[in-house]
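What's counted below: heavy atoms across the whole structure, side chains too, no hydrogens, waters or symmetry copies. Note that the structure is predicted; figures quoted are calculated from it, not measured.
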Amino acid sequence: MKFIKNTILLFFIFFIGSAIIDLYVGNTNVSMFLGLVLAIVIILKPQKHFRKLGSVKKIFKTSIPDETVEHHRNLILDQFIAGDLAKHFSTDIFLKKGEKLVFDIPGIQICEEKTIKVKGSHSGYSVRIMKGLSYRFGDFESTAEKRVAALDTGHFIITTKRLIFSGGKKSLDIPLSKIVSAKPVNNGILIDRTAKQNVEYFLGLDNVQLDMTLVPEVQNGDTWKEQKVKFSLNGFDVRRIIQGVIQIAE
């Protein structure tokens with residue numbers, strides 16, 4: 001019964017839609033085609049089925065509750081702060097007495113905000129002196145804007161005492177106590193430190209990828225199956241790690 005009803009509605013919308021569209025288009029073939037598409041979209045609603053497919057794909061990827069994944073992610077960050085994951089990183093830096101490695105991430109791009117002058121314009125008025133030649137009275141107004149410029153690529157290192165960058169052209173060795181703030185940005189972190197006018201960006205933190213194996217706790221009512229979830233560092237993670245290391249040092 002539902003099939004017959006939908007078929008009748010399909011043909012009704014097809015003929016009515018084609019007739020209305022033909023008034024504007026003036027082409028019978030095009031009008032019939034557009035009328036058919038309109039009828040299919042209204043009656044069969046294919047977009048609804050596509051949304052369902054997308055939803056199924058997401059569930060298939062991981063059926064673990066978001067709060068569970070976030071909980072285990074926080075546990076990993078705590079391990080970073082405690083220095084328990086330092087063994088997974090190789091480093092060439094010399095650690096000072098009582099200093100421990102937190103992480104050493106290669107392939108990080110250091111960038112800095114630069115003030116760049118851009119083309120401006122004259123203000124005032126001009127007086128024609130002769131054909132093809134005039135003189136402008138007034139000042140030339142130029143504008144400036146800040147842009148993020150790449151400086152170098154190298155290792156971004158956090159220890160229990162320092163933030164270190166080791167690149168081919170540029171190197172930094174900053175005590176953690178000199179860091180004023182850390183702001184997450186796209187795929188990286190922005191560091192503002194004492195006695196430094198321009199802030200520094202460190203981009204490419206997702207070079208660090210770990211696999212979390214999550215095991216359900218049946219006693220807590222978990223019904224999902226054991227799964228591996230890929231973990232990539234981001235700016236929010238690194239800010240929390242730096243802040244945690246600083247608080248422990250205090």
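Taking every heavy atom of both residues into account, D237 and R73 meet most closely at OD2-NH2, 2.6 Å. Taking every heavy atom of both residues into account, I189 and G235 meet most closely at CD1-O, 3.8 Å. Residues R240 and D78 share a closest heavy-atom pair of NH2-OD1, 2.9 Å. D104 approaches F89 most closely through the heavy-atom pair O-CD2, 3.3 Å.
A salt bridge (Lys or Arg N to Asp or Glu O under 4.0 Å) with E200 is found for exactly one of R193, K170, K178, namely R193.
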- Task: Could you go through the side-chain contact (heavy atoms from CB on, under 4.5 Å) check for T159 and T91 one step at a time?
- Result: CA-CA 11 Å; T159 74; T91 186; over 6 Å; no
- Please report the C-alpha distance between I242 and I158 in whole Å, then the side-chain angles of each, then the deciding distance to 0.1 Å, and finally whether the side-chain contact (heavy atoms from CB on, under 4.5 Å) criterion is met. CA-CA 8 Å; I242 293 175; I158 296 294; 4.0 Å; yes
- Test V208 against F231 for side-chain contact (heavy atoms from CB on, under 4.5 Å), laying out the working first. CA-CA 8 Å; V208 177; F231 173 87; 5.8 Å; no
- Could you give me the CA-CA distance, side-chain angles and deciding distance for I81 and V102, then say whether side-chain contact (heavy atoms from CB on, under 4.5 Å) is met? CA-CA 7 Å; I81 294 171; V102 176; over 6 Å; no
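Annotation: D92, atom CG; neighbour count of heavy atoms from other residues, nucleotides and ligands within 6.0 Å does not exceed 12.
Partners of D173 according to the side-chain hydrogen bond (donor to acceptor under 3.5 Å, both in side chains) rule, which considers only residues two or more places apart in sequence or in another chain, are R162. Legend: residues meeting side-chain hydrogen bond (donor to acceptor under 3.5 Å, both in side chains) with K169, ordered by chain and number and at least two apart, are absent.
Between the side chain of T160 and the backbone N or O of K100 there is at least one donor-acceptor pair closer than 3.5 Å. Proximity of a side-chain donor or acceptor of N74 to a complementary backbone N or O of H71 within less than 3.5 Å is not detected. Proximity of a side-chain donor or acceptor of N207 to a complementary backbone N or O of P106 within less than 3.5 Å is detected. Under the 3.5 Å distance criterion, the side-chain polar atoms of S166 are left unmatched by any main-chain donor or acceptor of H155. When atom types are taken as modelled, the side chain of D152 and the backbone of G168 share a donor-acceptor pair closer than 3.5 angstrom.
Contact of the F236 side chain with the L77 side chain is not registered, since no non-hydrogen atoms from C-beta on lie closer than 4.5 Å. Looking at I108 and L205, their side chains come closer than 4.5 Å, going by heavy atoms from C-beta outward. When side chains are defined from C-beta on, P216 does not count as touching K225, because their heavy atoms never get closer than 4.5 Å. In this structure, the side chains of I191 and F165 stay at 4.5 Å or more apart for every pair of heavy atoms. In this structure the side chain of Q227 never reaches within 4.5 angstrom of the side chain of L214, judged on heavy atoms.
Relative orientation of the F80 and F103 rings is perpendicular, given thresholds of 30° and 60° on the angle between their planes.
Rounding to the nearest 0.5 Å places CG of N187 at 6.5 Å from CG of L203.
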